[in-house]
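None of the values given here were measured: they were computed from a predicted structure.
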Amino acid sequence: MISSNCRLTSMFVGAFILSFAVSLHSADKYMQGSLTPGPHSVGFKVEHVYDYGRSFKPNYDDDMRIIRRENPRPMQIAIWYPASGGGTAMTFRDYVHLDGTRDNFHELSVDEKKQLDENFINQRSFLGQAKKDLMRATLTLKSTAKMNANTKSGKFPLVLYAPRESRGAYLNTVLCEYLASNGYVVACTPNKWVSDRQNRRPAAEDVMSNVQDLQFVKGFMRELANVDRDRVATAGWAHGAVPAATLAMVEPQIRAVISLDGNFADGAAPQIMKGLGNFRPRNITVPLLHVKPGEDFRGQPNTSDHAFWNNLLYSDAAQLTLTGVRWISLSSYFNLSMAKPVDDDEQYHYARIDYAYDSVCRYAVNFLNAHLKDDATARKFLGRSPEENGFEKGALGFVSRKALPVPLTETQLMTIIDSKGFEAGKAAVDLAKKNDADHVMFTSNGMNNFGYTMMGKERFDEAVGIFKMILEQYPGDPNVTDSLGEAYMNVGKKQLAIQTYKRVLKMDASQGTKDNSIKMLKQLGVDIERDGTN
């Protein structure tokens, strides 16, 4: 966490700019007011490695000729960790300078560092000199972390953090340092698109590239001596929450997810997630904390993420709502610099932003403690209202709900039917449908083949049930209908078999399926020509 005395009080009204600038350099307490560090010292280091399994820059020149070169994807990994002393003192400037080596790993020159400082200071130059002074002072804020400090012995849970699009490690340094001080290793890599093309809207391929980035970082981090590879969580802010949540859908090792105003509904997000294919909130089966600002970017009540929250059926889901703040408040970077007031009229608003960020950090660490460390105190914290935990009345909203039973997979369903009988499997399917009417537990082809397996075991009545169950999920499937006809034949229900095969002939079935039904009807004594079925 960055150290300062930024909490706003009425004492500063009138001479606010001067007093605030002085406080940036002289404080002893954490920037986010009441936030205090955990029991561990914090170390910070940067690893520059390459992912040789993926390319980065375009593989074609301007004439669309293939460029024959090694083109690995550069991976800058910022790591916060519990430390045991040593290391070099850091300021916020050290985090800003990481932008200079995101894609090109080299030692920064003095001029390059000055340029990075100026780029940072001038990001909001249109707000005037007062704001530029704050941006300049922000660079000198002292960090809690020590560069390349000694690693504390032991194994600590890992948090993979994804920033918003096109941004790097310095967006949420306070949260990352706070988690490390409470016994977590936090790893962050800049959120880059599928190539070095930054000035365009994100697409599904970019999100999947970010998911692959997180997978690469997870693989790299699991080899470190202080990382507990069995306790891994993801966290992400804004667009970064999408790959963080997606990774939990495809990687069973992920044990928890934190979404900081996850951009699941606004702008291009719905089309992006549609392109991901497997992005369904119902695929998240681990605990998820969804942090939601009370206002959208226009200052209106935030209702955009209800669909995402409502579909977290199989997750022990919790939602923290922050009254009167917007998405930008979930980044310590903006709280440190861009979001600070320059006149006394803004005093109350930005004090509230600081308070909201404090709350996010405290809820995040308790959420992770509860689900990665099985900490009883943290579970009690999450079970109480914000007011019972000492937060101001009305400042926060917190709701949680228990996960519904995770439906069986197709393979598990087959195992249940094979070992316990069809009725046990049908009961599991009915329960899944009751909890989620849209859930699809099995494929038509897979379960149809299983039905024939059961007939091969002469369990014909169960095969009938299986084929009928398939048709409830996939009504009008001609191949399964043909299979049901055969099952009826095997249990001696001739008339039902005839009716079923005749139904196939009226469907939009393949010629092979129709030919089989005609063949079976003839075996059952039906005169196809006279009957007029064909």
Side-chain angles (χ1 to χ4, degrees), residues 32 35 38 157-164 172 174-176 178-179 182-184 186 188 214 231-249 251 254-265 281-294 302 304-323 325 327 329-332 356-386 388-389 391 395-404:
Q32 258 65 32
L35 194 66
L158 172 65
V159 179
L160 302 170
Y161 174 74
R164 69 179 294 232
N172 250 322
V174 172
L175 175 62
C176 294
Y178 184 67
L179 292 177
N182 280 279
Y184 291 90
V186 183
C188 170
L214 291 177
R231 293 185 293 171
V232 183
T234 61
W237 173 53
H239 281 95
V242 180
T246 303
L247 187 63
M249 299 176 191
E251 288 275 2
I254 305 304
R255 298 269 295 274
V257 181
I258 296 178
S259 160
L260 302 175
D261 190 35
N263 195 345
F264 302 111
R282 297 171 189 185
N283 289 343
I284 298 178
T285 58
V286 297
L288 184 143
L289 173 63
H290 184 49
V291 181
K292 176 185 170 187
N302 184 3
S304 63
D305 284 329
H306 284 178
F308 176 77
W309 164 257
N310 291 338
N311 280 285
L312 290 169
L313 301 182
Y314 308 114
S315 165
D316 281 340
Q319 180 165 262
L320 177 67
T321 303
L322 311 173
T323 303
V325 298
W327 68 277
S329 307
L330 297 181
S331 164
S332 59
Y357 193 86
D358 287 6
S359 308
V360 170
C361 290
R362 291 177 60 191
Y363 266 93
V365 78
N366 277 282
F367 176 78
L368 293 173
N369 284 348
H371 296 294
L372 267 64
K373 297 181 179 180
D374 197 24
D375 182 87
T377 301
R379 290 188 181 277
K380 289 179 181 178
F381 179 95
L382 297 178
R384 296 190 293 258
S385 69
E388 290 172 324
N389 284 322
F391 292 97
L396 310 174
F398 184 76
V399 294
S400 62
R401 60 171 182 248
K402 297 298 291 182
L404 294 173

Are the side chain of [X] and the backbone N or O of [Y] linked by a donor-acceptor pair below 3.5 Å?
{"X": "Tyr357", "Y": "Leu175", "result": "yes"}
{"X": "Asn389", "Y": "Phe391", "result": "no"}
{"X": "Asn172", "Y": "Leu330", "result": "yes"}
{"X": "Arg379", "Y": "Ala370", "result": "yes"}
{"X": "Tyr184", "Y": "Leu368", "result": "yes"}
{"X": "Ser259", "Y": "His290", "result": "no"}

Can you tell me how far the [atom1] atom of [X] sits from the [atom2] atom of [Y], to the nearest 0.5 Å?
{"X": "Thr234", "Y": "Met249", "atom1": "OG1", "atom2": "CE", "value": "9.5 Å"}
{"X": "Asn369", "Y": "Leu179", "atom1": "CG", "atom2": "CG", "value": "9.0 Å"}
{"X": "Thr285", "Y": "Leu313", "atom1": "OG1", "atom2": "CG", "value": "12.0 Å"}
{"X": "His371", "Y": "Asn366", "atom1": "NE2", "atom2": "CG", "value": "10.0 Å"}
{"X": "Ser315", "Y": "Leu289", "atom1": "OG", "atom2": "CG", "value": "10.0 Å"}
{"X": "Ile284", "Y": "Leu247", "atom1": "CD1", "atom2": "CG", "value": "10.5 Å"}

What closest approach, in Å, do [X] and [Y] show between heavy atoms, and which atom pair accounts for it?
{"X": "Tyr314", "Y": "Arg282", "value": "CD1-O, 3.2 Å"}
{"X": "Ala248", "Y": "Val286", "value": "CB-CG2, 4.3 Å"}
{"X": "Leu382", "Y": "Phe398", "value": "O-CE2, 3.2 Å"}
{"X": "Ala244", "Y": "Gly236", "value": "CB-N, 4.0 Å"}
{"X": "Ser385", "Y": "Glu388", "value": "N-OE1, 2.8 Å"}
{"X": "Cys361", "Y": "Tyr178", "value": "O-CE2, 3.3 Å"}

Any Leu322 side-chain heavy atom under 4.5 Å of Leu396 side chain: yes
Any side-chain heavy-atom pair from Gln319 and Arg401 closer than 4.5 angstrom?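 In short, these two side chains do not touch, never coming nearer than 4.5 Å.
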Go through the steps for Val399 and Trp309 under the test side chain to side chain contact (heavy atoms under 4.5 Å, CB included), then give the verdict. CA-CA 11 Å; Val399 294; Trp309 164 257; 3.8 Å; yes
Would you please test Val291 and Phe367 for side chain to side chain contact (heavy atoms under 4.5 Å, CB included) and show each step? CA-CA 12 Å; Val291 181; Phe367 176 78; over 6 Å; no
